Amino acid sequence: MIRLFDSVFGEVRDLDLRDPGRLSMYVCGPTVYDLPHLGHGRFTLVWDVARRWFTFRGLDVHFVSNITDIDDNIIARAEREGRTETAVATCFEAHWWEAMDRIGVARPNDVPHATQYVAEMVELISTLLARGVAYPTSDGIYFDVSRVADYGLLAGQPLESLRAGARVEANDEKRSPLDFALWKNVKSGEPSWPAPFGDGRPGWHTECVVMSLGLLGDGFDLHCGGFDLKFPHHENERAQAVAAGRPFARHWAHNGWVMVGDQKMSKSLGNFTSLTDLLEKTDARAYRLLVLRSHYRSPIEVSPATIADAERALGRLDGFARRFDLPRLAGRRLEVGSTFAWPAPALELYERVARCLDNDLDTPLAIALLFDALSSANTAADRGDESSARELALGVNALFGALGLALAGDGATVDPASAALVTQRDEARGQKDWAEADRLRDELVHLGWIVEDSASGTQIRKS
RNA sequence: GGCGGCGUGGCCGAGUGGUUAGGCAGGGGCCUGCAAAGCCCCGUACUUGGGUUCGAAUCCCAACGCCGCCUCCA
């Protein structure tokens with residue numbers, strides 16, 4: 001049984017699925033008006049890991065994540081740069097997928113785009129108007145939050161206390177500061193779609209509720225996103241579904257954010273680093289390992305120091321993969337646990353790791369167990385027990401693969417000149433000509449190789 | 001003001017009422033011609049002050065410090 005912290009109940013609960021064996025999950029995706037930043041990297045990695053693990057455990061996962069391709073920020077950027085909104089969205093969506101590919105985030109089963117669902121949004125807004133839970137103002141259609149009895153469920157506080165903390169908005173026709181725009185009336189020069197209540201464009205909160213229900217159906221299993229989306233975004237999505245009489249997500253899960261120093265990385269603070277920049281100078285797997293080493297609900301510190309730390313740890317994993325010549329797993333493919341043959345020591349490891357991950361995705365504990373197993377395998381190999389060492393190593397590799405972390409066992413191709421130096425060095429060593437052996441090693445190092453001696457002779461790899 | 005979270009060894013980062021988290025860095029050792037890799041050992045940590053308990057980093061109370069949401073945000 002998979003258990004996950006549910007944001008509504010504030011506790012870890014059994015994942016109670018709509019259809020046993022099948023899991024429908026929706027993750028709020030990006031608004032494509034700028035390069036993806038580290039926060040995007042974290043949430044996509046967290047939910048990619050979740051999806052991979054659920055799949056590994058045998059669930060048939062239907063994973064949907066959207067692209068918001070129309071909103072104020074896109075319009076503003078288009079205007080500033082003299083491009084069309086479509087051009088801006090297309091450009092940054094391309095950057096998005098490039099980054100996703102590089103950090104090894106598997107593509108969702110469906111990627112709805114907001115602009116493709118406008119007709120359904122218009123329909124929902126019409127329903128809400130007909131039911132009297134939405135009302136027009138001079139600049140659009142608003143949702144009346146007072147009409148949803150349990151508004152504040154996700155925020156964890158009642159409407160009245162939310163209202164007390166809301167900032168005062170000057171000169172507004174809104175009935176409550178908490179009411180939100182379902183539809184924004186067309187302004188000159190801005191893209192718009194026709195609607196019986198006036199041409200315009202949809203509000204952000206309306207997009208996700210329509211797309212999630214549209215692709216996953218009423219009462220889908222799991223709705224995920226960053227903690228900062230819990231309120232008001234998810235609250236408002238839910239409010240619309242409830243007001244329209246449609247069962248919404250059965251479970252809610254939220255991930256912690258990326259910290260820069262002591263502060264949250266956020267748009268308003270302008271302190272974000274683009275994921276694209278990070279990937280320029282870092283092995284993308286290091287970011288995945290960094291994410292895996294802390295719990296998904298905890299904040300993580302991403303800095304040159306923590307990234308470097310993860311890179312060194314990754315180096316150890318890669319050395320392990322080389323030692324046992326492990327097959328490279330976990331690319332675009334989602335692994336399924338039942339397809340692996342688990343020898344006894346590996347099976348025990350799998351069961352222990354599964355206990356951690358099934359329990360609210362405790363990846364840090366799982367990683368700790370995997371590092372322990374790695375040491376055990378090395379120890380076994382050191383004392384000459386090659387076969388059980390290898391069995392355990394294969395298990396470690398399969399489990400890292402399950403989490404989307406490919407251990408790199410395959411070395412770089414060795415050019416003939418370097419290969420010749422290796423041969424000469426082995427000969428020199430055979431004759432105990434240490435001076436010559438050291439000279440040849442220096443030469444290889446100079447060529448950019450890391451030189452390691454082993455029982456089977458000189459091994460080199462790129463540094 | 002309301003709601004929520006956090007404070008762990010040099011750094012990152014888990015954790016549970018009583019037995020080793022783990023990684024990285026550092027020190028010592030084994031192995032090795034030397035090195036690298038690997039293995040073994042070591043630092044005996046838990047913001048502060050009370051309390052509950054045979055026993056608390058883990059539960060309760062208080063204090064201090066920090067962060068977040070209530071506005072765009074993943």
Side-chain angles (χ1 to χ4, degrees), chain A residues 7 10 27-31 36-47 71-73 152 154-158 160-167 169 177-178 180 204 224-233 235 254-259 261-269 272 289-290 292-295 297-303 305-317 319-320 322-323 356 362-372 374-383 429 432-435 437-438 441-442 445 450-455 458-461:
Chain A
S7 303
V27 180
C28 286
T31 301
H37 57 71
L38 297 181
H40 293 117
R42 159 89 127 164
F43 95 80
T44 51
L45 283 167
V46 161
W47 301 117
D71 100 310
D72 291 350
N73 290 307
L154 278 157
Q157 49 185 328
E160 276 317 308
S161 94
L162 283 166
R163 200 197 300 269
R167 295 176 196 202
E169 294 180 66
L178 296 171
F180 57 92
W204 180 42
C224 313
F227 268 124
D228 43 2
L229 294 188
K230 192 159 70 164
F231 190 92
H233 183 55
E235 187 79 54
H254 295 94
N255 62 277
W257 36 65
V258 170
M259 305 295 285
D262 289 333
Q263 285 184 312
K264 177 194 168 198
M265 174 176 292
S266 74
K267 290 185 180 170
S268 52
L269 292 170
F272 54 88
L289 185 57
L290 182 61
L292 286 169
R293 286 202 314 189
S294 71
H295 190 85
R297 288 189 278 116
S298 300
I300 52 169
E301 168 96 29
V302 182
S303 66
T306 60
I307 286 286
D309 186 278
E311 281 187 302
R312 284 189 295 262
L314 187 61
R316 181 148 168 233
L317 296 178
F320 180 72
R322 280 193 303 277
R323 176 172 194 176
C356 301
D362 193 346
T363 57
L365 235 188
I367 296 294
L369 290 175
L370 290 174
F371 269 97
D372 281 342
L374 177 150
S375 293
S376 299
N378 274 326
T379 304
D382 281 356
R383 65 165 186 262
R429 291 187 71 228
K432 299 198 189 299
D433 182 353
W434 309 127
D438 290 350
R441 177 165 60 200
D442 289 345
V445 168
I450 290 173
V451 179
E452 293 177 356
D453 296 340
S454 75
T458 299
Q459 306 286 321
I460 61 172
R461 61 189 168 90

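Numbers restart at 1 for each chain; the letters A, B, ... are given by sequence-line order, proteins then strands. The structure displayed is predicted, hence computed values, not measured ones.
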Might you list the N or O atoms of the protein lying below 3.5 Å from N or O atoms in nucleotides 38-41 of chain B, with each pair's distance?
from	atom 1	to	atom 2	distance (Å)
B/G38	O3'	A/Asn378	ND2	3.1
B/G38	O2'	A/Arg323	NH1	3.2
B/G38	O2'	A/Asp382	OD1	3.3
B/G38	O2'	A/Asp382	OD2	2.6
B/C39	OP1	A/Asn378	ND2	3.3
B/C39	O4'	A/Asp382	OD2	3.0
B/C39	O3'	A/Thr379	OG1	3.3

P spacing across the pair B/C30 / B/U20, given as an integer number of angstrom: 27 Å
Geometric class of the A/Phe227/A/Trp257 ring pair [parallel <30°, tilted 30-60°, perpendicular >60°]: perpendicular
5′-ward residue of the pair A/Ala437/A/Asp309 relative to RNA chain B: A/Asp309
Sugar-phosphate, base or nothing in reach of A/Ser454, heavy atoms under 4.0 Å: nothing
Pairing partner of B/C66 (Watson-Crick or G-U wobble, both distances under 3.5 Å): B/G5
Assigned partner base of B/A25, Watson-Crick or wobble definition, under 3.5 Å: none
Spacing of A/Leu370 atom CG and A/Ser376 atom OG [to the nearest 0.5 Å]: 11.0 Å
Atom pair CG (A/Asp228) and CZ (A/Phe43), whose distance is rounded to the nearest 0.5 Å: 10.0 Å
Sugar-phosphate, base or nothing in reach of A/Val46, heavy atoms under 4.0 Å: nothing
B/C6 and B/U16, which share atom name P, separated by this distance in whole Å: 12 Å
Point-to-point distance, once rounded to the nearest 0.5 Å, from CG of A/Asp362 to CG of A/Leu292: 11.5 Å
Euclidean distance for C1', B/A74 against B/C64 (whole angstrom): 32 Å
A/Glu235 side chain near A/Leu162 side chain, heavy-atom distance below 4.5 Å: no
For B/C59, the Watson-Crick or wobble counterpart (both distances under 3.5 Å): B/G51
Integer angstrom distance from the P of B/G15 to that of B/G5: 14 Å
A/Glu452: which of A/Arg323, A/Arg461, A/Gln459 passes side chain to side chain donor-acceptor pair (under 3.5 Å): A/Arg461
Distance between C1' atoms of B/G13 and B/A45 (Å, rounded): 13 Å
Rounded interatomic separation in angstrom, taking NZ from A/Lys230 and P from B/G5: 9 Å
Touch class at under 4.0 angstrom, heavy-atom based, for A/Gly226 against every strand present: sugar-phosphate
Side-chain (A/Arg163) to main-chain (A/Leu178) donor-acceptor, under 3.5 angstrom: no
Flag, side chain of A/Asn255 to backbone of A/Arg297, donor-acceptor distance under 3.5 Å: no
Under 4.0 Å protein heavy-atom contacts per nucleotide of nucleotides 25-32 of chain B, with B for base, S for backbone only and - for none: S-------
Spacing of the P atoms in B/G23 and B/A14 (rounded, Å): 15 Å
Minimal non-hydrogen separation, A/Trp47 against A/His254, with atom names: CZ2-C, 4.0 Å
Upstream residue (5' side of RNA chain B) when A/Trp257 and A/Asn73 are each assigned their closest nucleotide: A/Trp257
Atom pair distance, as rounded to whole Å: CD in A/Gln157 and C1' in B/G1: 11 Å
Stacking of A/Trp434 on B/G33 base (centres under 5.5 Å, planes under 30°): yes
Sugar-phosphate only, base, or nothing, as touched by A/Ala313 at under 4.0 Å among non-hydrogen atoms: sugar-phosphate
Whole-Å distance separating the CZ atom of A/Arg297 from the C1' atom of B/G4: 12 Å
Distance between C1' atoms of B/U19 and B/A57 (Å, rounded): 16 Å
Of the listed nucleotides B/G33, B/G23, B/A14, the one nearest the side chain of A/Phe371: B/G23
Separation of B/C70 C1' from A/Leu178 CG (nearest whole Å): 8 Å
A/Ile367 side, atom CD1; A/Asp372 side, atom CG - distance, nearest 0.5 Å: 11.5 Å
Pair of N/O donor and acceptor under 3.5 Å linking B/A35 base with A/Arg441 side chain: yes
Residue pair A/Asp309 / A/Arg293: nearest heavy atoms and the distance that separates them: OD1-NH2, 2.6 Å
Distance, rounded to the nearest Å, where A/Ile300 contributes CD1 and B/C67 contributes P: 19 Å
Pairwise side-chain contact, A/Leu317 with A/Leu289, heavy-atom cut-off 4.5 Å (strictly under): yes
I'd like a list of close polar pairs between nucleotides 17-19 of chain B and the protein, N/O only, cut-off under 3.5 Å.
none

Spacing of CG belonging to A/Leu290 relative to CG belonging to A/Leu45, to within rounding of 0.5 Å: 9.5 Å
Sugar-phosphate only, base, or nothing, as touched by A/His37 at under 4.0 Å among non-hydrogen atoms: base
Opposite nucleotide pairing with B/C46, Watson-Crick or G-U, both atom distances under 3.5 Å: none
Between P of B/A74 and CZ of A/Phe231, the distance in whole Å: 17 Å
Nucleotide nearest A/Asp438 (side chain, heavy atoms from C-beta), chosen from B/C12, B/A14, B/C34: B/C34
Sugar-phosphate, base or nothing in reach of A/Gly41, heavy atoms under 4.0 Å: nothing
For atom CG of A/Leu369 and atom C1' of B/G23, their distance in whole Å: 13 Å
Separation between the C1' atoms of B/C11 and B/U48, rounded to whole Å: 23 Å
Working for side chain to side chain contact (heavy atoms under 4.5 Å, CB included), residues A/Arg322 and A/Phe320: CA-CA 5 Å; A/Arg322 280 193 303 277; A/Phe320 180 72; over 6 Å; no
Nucleotide B/C3, atom P - distance to CG of A/Asp228 in whole Å: 21 Å
Nearest-0.5 Å distance, CG of residue A/Leu374 to CZ of residue A/Arg316: 5.5 Å
Sugar-phosphate only, base, or nothing, as touched by A/Asp71 at under 4.0 Å among non-hydrogen atoms: nothing
Short side-chain N/O contact to B/A74 OP1/OP2 from A/His40, under 4.0 Å: yes
B/G38 - base-pair partner by Watson-Crick or wobble geometry, distances under 3.5 Å: B/C30
B/G22 glycosidic torsion: syn (within 90° of 0) vs anti: anti
